[in-house]
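Here the structure comes first, spelled out in structure tokens, and everything after it is commentary.
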Amino acid sequence: MNNLQKANPPALEAAIAAPSAACEFWAGVKGVAPILLGVFPFGLIYGILAISAGLPAMMAQAMSLIVFAGSAQFIIAQLAAVNTPLVIIAITAAVVNIRHMLYSASVAPHLRRLSTPWQMLLAYLLTDEAYAVAITRYAQPADSPTQQDTRRNAHWFFLGAGLGLWITWQLTTAIGIFVGAQIPASWELDFSLPLTFIALVVPMIKDRAALITVVVAGAASLLVFHMPLKLGLVTAILLGIMAGLLAERQ
Amino acid sequence: MMFWLTLVLIGLITFAYRFSFIALLERIKLPGLMQRALRFVPLAALTAITLPEVAIRQNALNLSLGNDRLVASLVAAVVAWRTKNVFLTILIGMICLYILQSF
């Protein structure tokens, strides 16, 4: 937040102008920078895992470009490694990524005046991290009497945050792919994927409903793992979500 | 070839999610039930993917202490719970696996 304040001109000068496009862009890059520290190892591990899961290097990199969603990419690589039918991979990825609709709904009012190419570009860059940073910019007041529409160039802030993340993700994927090809299977680096997921899930368990979701989804996944076509996975996910909703109601 | 098509399809679906409400322009709210369900999606999905990965060995359920990956995962879960640190969780989980396998 300090970066944002520094990037904006002092209140008196702002009576006429919104921050320039360049100013907004670099403030966006600065805003996402601390998050990139966490994304860096994540991208590396994705690259390494995609290779140890048996994906060709081209495909592993292409996935970062085409899908551009960390957790879904991990899951796709993992499912592909155990020869999951493609339909199930697609359905699982579609379920895992559905949260992006929520982000889209959240930023949509702020992007209304933009041209369609701008909207499409920002939509492509709308990851968990870019959303978290961009929304802080839009949360700043826009209509105080001295600051006429100071958010006029805020889409450049969004672009700065989104591109910062995009470049980091593509580069770390490439490095991971390169490193992954040199690592022998005996190092069991594929185990770092379940570990990554554990590291992501456990801190998310903040209340009883979340805990019940995890317990039900986990128990169901073990009970139905023999279902054909890996349908057990989708079944377990849906059961977990329903259990969470029910627990929350009480 | 089919895998490439699947990747493109997933990419299109993901983009459609991200573009959906931006494209609609009007502020449409998600139905309440769906909005509440969204929070449980990553929890349920990541758990359902991870647990069989470590608890099912050689195509059979193995919940015993002899399952190195399961034990290492439990240790990692405690680390994740106490530290909330992704890197540390992975590091200690891997070290734990190596130690267990050396016996």
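Residue numbers start from 1 in every chain, and the chains themselves are labelled A, B, ... in the order their sequence lines are given, proteins ahead of strands. Worth knowing before you read on, the calculation uses all heavy atoms, side chains too, and leaves out hydrogens, waters and symmetry mates.
Atom CG of B:L5 is separated from atom CG of A:L86 by 9.0 Å, given to the nearest 0.5 angstrom. Once rounded to the nearest 0.5 Å, the distance linking CH2 of B:W4 with CE of A:M58 reads 4.5 Å. Residue A:L126 holds its CG atom at 11.5 Å from OG1 of B:T14, rounded to the nearest 0.5 Å. In this structure, CZ in B:F19 is found 8.5 Å from OG in A:S104, a value given to the nearest 0.5 Å. Note that the CG atom of A:L122 and the CZ atom of B:R18 stand 12.0 Å from one another [nearest 0.5 Å]. Here the straight-line distance linking atom CD1 of B:I13 with atom CD1 of A:I91 works out to 9.0 Å at 0.5 Å rounding.
For the pair B:T89 (side chain) and A:A199 (backbone), a donor-acceptor distance under 3.5 Å is absent. Under a 3.5 Å cut-off, the side chain of B:S20 and the backbone N or O of A:M101 do not form any donor-acceptor pair.
When all heavy atoms of B:M94 and A:W187 are compared, the pair lying nearest together is CE-O, 3.6 Å. Across all their heavy atoms, B:V54 and A:P194 have their closest contact at CG1-CB, 3.9 Å. The minimum heavy-atom distance between B:F15 and A:M120, with the atom names listed, is CE1-O, 3.4 Å. Closest approach of A:I76 to B:F3, counting heavy atoms only: CG2-CZ, 4.0 Å. Annotation for B:L51 and A:S221: closest pair CB-OG, 4.0 Å, computed over non-hydrogen atoms. Considering every non-hydrogen atom in both A:V202 and B:A80, the closest pair reads CB-CB, 3.8 Å.
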_Apply side chain to side chain contact (heavy atoms under 4.5 Å, CB included) to residues A:F225 and B:N59 and explain how you reach the verdict._
CA-CA 9 Å; A:F225 85 95; B:N59 221 11; 3.9 Å; yes
_Please evaluate residues B:I22 and A:V107 with respect to the criterion side chain to side chain contact (heavy atoms under 4.5 Å, CB included), reporting the C-alpha separation (whole Å), side-chain torsions for both, the decisive distance (0.1 Å), and the verdict._
CA-CA 7 Å; B:I22 295 171; A:V107 298; 3.9 Å; yes
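Within the structure, side-chain hydrogen bond (donor to acceptor under 3.5 Å, both in side chains) pairs that include any residue of residues 50-66 of chain A comprise A:Q61-A:Q170, A:S64-A:Q73, A:S64-A:W169, A:S64-A:T173 (at least two apart or interchain).
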Under 3.5 Å, which donor-acceptor pairs do the side chains of residues 42-49 of chain B form with other protein atoms, sequence neighbours left out?
residue	atom	partner	partner atom	Å
B:T47	OG1	B:L43	O	2.7

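Counting non-hydrogen atoms of neighbouring residues, nucleotides and ligands closer than 6.0 angstrom, the OH atom of A:Y124 exceeds 12 such neighbours. Around the CG atom of B:L63, the shell of radius 6.0 Å holds more than 12 heavy atoms that belong to other residues, nucleotides or ligands.
Using a 4.5 Å cut-off between heavy atoms, A:L55 contacts chain B through its side chain alone, with no backbone atom that close. Heavy-atom distances place no part of A:Y131 under 4.5 Å from chain B, backbone and side chain included. Contact of A:A72 with chain B is not made at all, since no heavy-atom distance falls under 4.5 Å. Residue B:Y98 touches chain A through its side chain alone, counting heavy-atom pairs closer than 4.5 Å. The contact between B:V41 and chain A is made by backbone and side chain atoms together, counting heavy-atom distances below 4.5 Å. Interface remark: A:I45 contributes side-chain atoms only to the contact with chain B (heavy atom separation under 4.5 Å). Proximity to chain A (any heavy atom under 4.5 Å) is shown, for B:I90, by both the backbone and the side chain. For B:I56, the part lying near chain A is the side chain, with the backbone staying farther off; criterion is any non-hydrogen pair under 4.5 Å. Residue A:E188 touches chain B through both its backbone and its side chain, counting heavy-atom pairs closer than 4.5 Å. Proximity to chain B (any heavy atom under 4.5 Å) is shown, for A:Y103, by neither the backbone nor the side chain.
Chain B forms the most heavy-atom pairs under 4.5 Å with one residue out of A:D207, A:L238, A:T92, and that residue is A:D207. With chain B as partner, the option from A:A62, A:P203, A:S71 having the largest number of non-hydrogen pairs under 4.5 angstrom is A:P203. With chain A as partner, the option from B:A72, B:S73, B:A76, B:A16 having the largest number of non-hydrogen pairs under 4.5 angstrom is B:S73. Among B:Q101, B:E53, B:K84, B:R36, the residue with the largest count of heavy-atom pairs under 4.5 Å with chain A is B:R36. Looking only at heavy-atom pairs under 4.5 Å with chain B, the residue among A:G240, A:A220, A:G218 that has the most is A:G218. Interface summary for chain B: among A:V224, A:V214, A:I98, A:V67, the most heavy-atom pairs under 4.5 angstrom belong to A:I98. Contact tally against chain B (heavy-atom pairs below 4.5 Å) for A:A236, A:A243, A:A94: the top residue is A:A94.
Side-chain contact between A:I212 and B:F40 is absent, with no heavy atoms from C-beta onward closer than 4.5 Å.
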